[in-house]
Amino acid sequence: MEDDDGQDYVDKSRVLNVRPLRCLAPIFPSTPSFPSFPHPQASSPFMCPPPAGHFPPGFASFYPFSGYPDSQNMQTPMPFGFNGSIPAVPINSFRSGANGDAGSSGRSSRNPGPSQYEEGDGYSDWVHVNDGEDSSKAATKKKRTPKRARAGSGQDINVASSDVDVDAMVDKIVESFNLMDFDTFKRADGDKDSVGYIRMIYDLLRRKLSQIEDSKESTPGVTRRPDLRAGTILMNKGIRTNVKKRIGVVPGVEVGDIFFFRMEMCLVGLHAPIMAGIDYMGLKVSQDEEPVAVSIVSSGGYEDNSEDADVLVYSGQGGNINNRGMEITDQKLERGNLALEKSLHRGNEVRVIRGVKDIANPTGKIYVYDGLYKIRESWVDKGKSGCNVFKYKLVRLSGQPEAYTVWKSVQQWKDGSTARVGVISHDLTSGAESIPVSLVNDVDDEKGPSNFTYYPGLKYSKPVNSNESSTGCGCQGGCLAGNSSCPCIQRNGGNLPYTANGVLVSQKPLIHECGSSCICPPNCKNRVCQSGLKIRLEVFKTKDKGWGLRSWDPIRSGAFICEYAGEVIDITSAEELRCVNDDDYIFDATRTNQSGEGFLNASNETLKIPFPLIINAKHAGNVARFMNHSCSPNVFWQPVLRENSKECDLHIVFYAYRHIPPMTELTYSYGIVPPDRADQRRKKCLCGSAKCLGYFY
DNA sequence: ATCCGTCAGAGGTAT
DNA sequence: ACCTCTGACGGATCT
């Protein structure tokens with residue numbers, strides 16, 4: 001502003017001219033003067049993004065997963081394996097005090113406290129599902145008018161998909177999360193737990209609805225929107241939180257969180273409108289009430305731009321900019337535009353969500369919550385069409401965790417315009433994987449993990465014969481979801497275990513992928529985890545847990561990450577190694593799930609492992625050997641069997657538990673040992689989670 | 001593989 | 001009832 005060339009002031013006056021109504025009085029009065037400028041004392045121009053610093057084990061704290069309810073079976077996962085490297089040095093660094101805020105652990109710099117505008121509190125919010133007298137939903141929909149008998153075809157959408165009892169499915173999903181403290185959620189505002197649960201439930205439901213749709217004939221003209229459907233269902237059941245609009249921080253949602261659908265943001269109260277980019281609310285000012293903006297979504301629909309990652313020039317709404325077919329008109333100072341103008345003068349915080357293209361799924365978008373901004377100025381531009389378009393310049397508040405800037409950095413690392421700091425090796429796999437895996441240390445002098453051979457698969461000393469005579473499929477063009485006669489689909493219980501874009505629908509006791517005895521091509525939808533890494537990973541030195549694994553790319557819930565590679569050993573060998581404490585890097589699929597918080601033995605089912613698979617990755621292995629343990633993991637493992645008529649081709653495969661923002665450490669739960677081995681040495685856990693048990697095996 | 005055009009759609013707001 | 005920076009599809013266009 002001051003340091004601008006002044007042109008903006010000219011523009012600003014035009015705003016007043018444009019102002020068509022009384023809405024905006026000739027104000028500029030009590031602008032809660034933000035210092036005429038430059039950021040107060042923006043501590044240090046975050047030059048050196050403390051590598052691991054900003055991304056401590058700050059995530060998670062909730063989440064369970066346990067019985068990913070499967071259409072037929074439920075089972076419980078039970079991660080385990082072993083971390084390796086360097087006996088962790090106990091440094092607490094991030095341990096949030098005993099503050100009740102479950103989970104806000106890591107992030108050194110938290111969001112500024114709740115805005116002073118926030119009024120009332122949330123009571124209600126997370127509402128019980130089968131609550132007889134649940135009121136929250138009564139007020140909302142319910143009366144969804146039947147819309148005039150739509151062009152005939154419409155309603156069979158519901159009928160068609162109701163051959164599956166969706167309602168029961170949802171209840172089962174919710175139940176599987178074992179929300180023992182459900183009642184406390186009912187009273188609470190959103191918090192990390194409830195937000196986490198809701199998001200996991202939402203995406204699981206969405207994937208299941210997708211799966212159902214995938215297996216049906218696609219009826220031309222009917223658009224399938226599992227995202228909307230899942231959202232509506234949860235809305236109606238009251239499985240949502242932060243229902244009341246608020247300015248500023250949304251409890252339970254962290255800066256940097258990513259979303260794959262607008263509906264997800266509605267459910268957790270981050271941004272209510274399902275399409276509109278500007279969310280606003282009435283704010284009481286003395287007697288009157290005026291609209292103020294609370295959040296915006298910038299996703300490329302308008303001519304926004306931002307030269308600096310902390311600055312956003314946002315376009316107002318309206319004017320038929322994105323409504324082709326209608327004549328483009330001048331935007332009016334009403335609705336969201338008016339709210340933004342009011343917020344400019346009021347100086348309230350506005351949440352900013354940035355939409356970015358999803359590289360892994362080009363038809364989709366990812367929304368990055370970039371934290372709080374303030375509107376600094378507004379003016380009117382002539383759009384390309386020559387009509388008036390409102391512009392709002394927003395500047396990010398300092399002291400918040402990095403979010404969008406991380407995406408920018410990654411982009412630069414990829415295109416080579418900026419070098420990744422602390423790189424030891426650009427590809428520690430030496431070409432063994434189809435995409436490189438960086439080795440990075442920006443915290444100390446260590447030059448790398450101890451020697452090992454990078455090997456992306458499993459090494460058997462002797463083949464394990466298959467006792468079932470399996471025959472592969474004959475799906476020439478690849479297995480189709482709707483093909484119930486495909487033997488591979490039958491083995492999976494009648495459905496393809498993955499959605500059309502390759503995301504695992506839910507955990508299962510055992511997944512059957514197509515293998516060498518199938519004739520389907522490598523791009524078959526049932527060959528997800530056998531074509532190598534898809535995600536750009538890096539092995540990095542953590543602050544206090546030795547080496548760890550994280551991703552440059554965002555990872556969506558259910559996405560394949562990698563398998564656990566190494567040498568297959570037998571139980572006797574494993575025991576021997578344990579005796580001499582040389583069992584780091586051992587993955588033992590016979591371990592049971594972690595019990596207690598987060599994990600639940602929802603049913604008697606457990607993972608079905610055809611034979612006791614134990615993998616030693618000490619001498620040879622892949623990136624999975626670097627994944628650390630966490631009591632609140634964001635990754636889980638799952639046995640996967642590939643169809644192979646001669647041998648038993650079993651693999652341990654890792655998938656994302658939930659959406660994982662870029663540069664967040666990937667962790668899974670190593671699980672617990674069977675009772676007869678309970679005396680095994682424990683290791684001190686440094687996961688930093690609010691639910692940390694303090695140790696792991 | 002990208003791009004455009006189509007279109008049903010949801011919740012929230014305003015009427 | 002009206003509004004809207006969705007998102008899946010189908011078809012055209014393009015290295």
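In what follows, chains carry the letters A, B, and so on, assigned in the order in which the sequence lines appear, proteins first and then strands, with residues in each chain numbered from 1. The model shown is predicted, which means the values in this text are computed figures rather than measured ones.
Atom OH of A:Tyr280 is separated from atom P of C:dC3 by 12 Å (rounded to the nearest Å). Taking atom CZ of A:Arg262 as the reference point, atom P of B:dG9 lies 19 Å away to the nearest angstrom. When the P atom of C:dG7 is taken as reference, atom CD of A:Glu213 falls 17 Å away, rounded to whole Å. In this structure, A:Met265 atom CE and B:dA10 atom P are separated by 18 Å, rounded to whole Å. To the nearest angstrom, P of C:dC5 lies 11 Å from CZ of A:Arg335. For the pair A:Leu209 CG and B:dA10 P, the interatomic distance rounds to 13 Å; values are reported in whole Å.
Residue contacts shown for A:Asp279 are absent, as no nucleic acid heavy atom lies under 4.0 Å away. Across all strands, A:Gly318 comes closer than 4.0 Å only to sugar-phosphate atoms, never to a base (heavy-atom distances).
With sequence neighbours excluded, the residues satisfying side-chain hydrogen bond (donor to acceptor under 3.5 Å, both in side chains) with A:Asp553 are A:Lys414. A search for side-chain contact (heavy atoms from CB on, under 4.5 Å) contacts involving A:Asp427 returns A:Thr429, A:Pro436, A:Val437, not counting sequence neighbours. Under the rule for a salt bridge (Lys or Arg N to Asp or Glu O under 4.0 Å), the partners of A:Arg206 that lie at least two apart in sequence or sit in another chain are A:Asp203. A:Glu264 pairs by the salt bridge (Lys or Arg N to Asp or Glu O under 4.0 Å) definition with A:Arg199, not counting sequence neighbours. Legend: residues meeting side-chain contact (heavy atoms from CB on, under 4.5 Å) with A:Ser295, ordered by chain and number and at least two apart, are A:His271, A:Asp279, A:Arg351, A:Ile353. Annotation: salt bridge (Lys or Arg N to Asp or Glu O under 4.0 Å) contacts of A:Lys357 (sequence neighbours excluded): none. By the side-chain contact (heavy atoms from CB on, under 4.5 Å) test, A:Asp214 is found to be paired with A:Arg224, A:Ala481, A:Thr499, A:Ala500, residues two or more places apart in sequence or in another chain being considered.
For A:Tyr367, a side-chain nitrogen or oxygen approaches OP1 or OP2 of C:dG7 to under 4.0 Å. For A:Arg224, a side-chain nitrogen or oxygen approaches OP1 or OP2 of C:dC9 to under 4.0 Å.
Taking a 4.0 Å limit (strictly below) on heavy-atom distances, residues 357-366 of chain A reaches DNA chain C at A:Lys365.
The shortest distance between side-chain heavy atoms of A:Tyr314 and A:Leu394 falls below 4.5 Å. Within the 4.5 Å cutoff, no side-chain heavy atoms of A:Leu344 are placed close to those of A:Tyr392.
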**Message:** Taking Watson-Crick (N1-N3 plus N6-O4 or O6-N4) and G-U wobble (N1-O2, O6-N3), each under 3.5 Å, can you produce the dot-bracket string of DNA chain B? Use [ ] for crossing pairs and | for inter-strand ones.
**Reply:** ||||||||.||||..

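The ring-ring contact (aromatic ring centres under 6.0 Å, His included) pairs that include a residue from residues 233-266 of chain A are A:Phe260-A:His659, where partners are two or more places apart or lie in different chains. Note on residues 361-371 of chain A: pairs passing salt bridge (Lys or Arg N to Asp or Glu O under 4.0 Å), not counting sequence neighbours, are A:Arg354-A:Asp370, A:Asp370-A:Arg396.
Within a 6.0 Å sphere centred on CD of A:Glu289, other residues, nucleotides and ligands contribute more than 12 heavy atoms.
Proximity note for A:Ser315 (side chain, C-beta onward) versus C:dG7, B:dA14, C:dC5: the nearest is C:dC5. With C:dC3, B:dT13, B:dG9 as the candidates, the nucleotide lying closest to the side chain of A:Leu228 is B:dG9. Here the nucleotide nearest the side chain of A:Ala276, chosen from C:dT4, B:dG12, B:dA10, is C:dT4. Closest contact between the side chain of A:Tyr314 and the listed nucleotides C:dC5, B:dG9, B:dT13 involves C:dC5. Ranking C:dC3, C:dG7, B:dG9 by closeness to the A:Met275 side chain, first place goes to B:dG9. The side chain of A:Arg240 approaches B:dG12 more closely than any other nucleotide in the set C:dG7, B:dG12, B:dA10.
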List, with names and distances, any nitrogen or oxygen atoms from the protein found under 3.5 Å away from nitrogen or oxygen atoms belonging to nucleotides 11-15 of chain C.
none

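Checking A:Arg225 against A:Cys266, the closest nucleotide of DNA chain B that is more toward the 5' end is the one next to A:Arg225. Residues A:Gly277 and A:Arg206 both approach DNA chain C. Their nearest nucleotides, taken by heavy-atom distance, put A:Gly277 toward the 5′ side.
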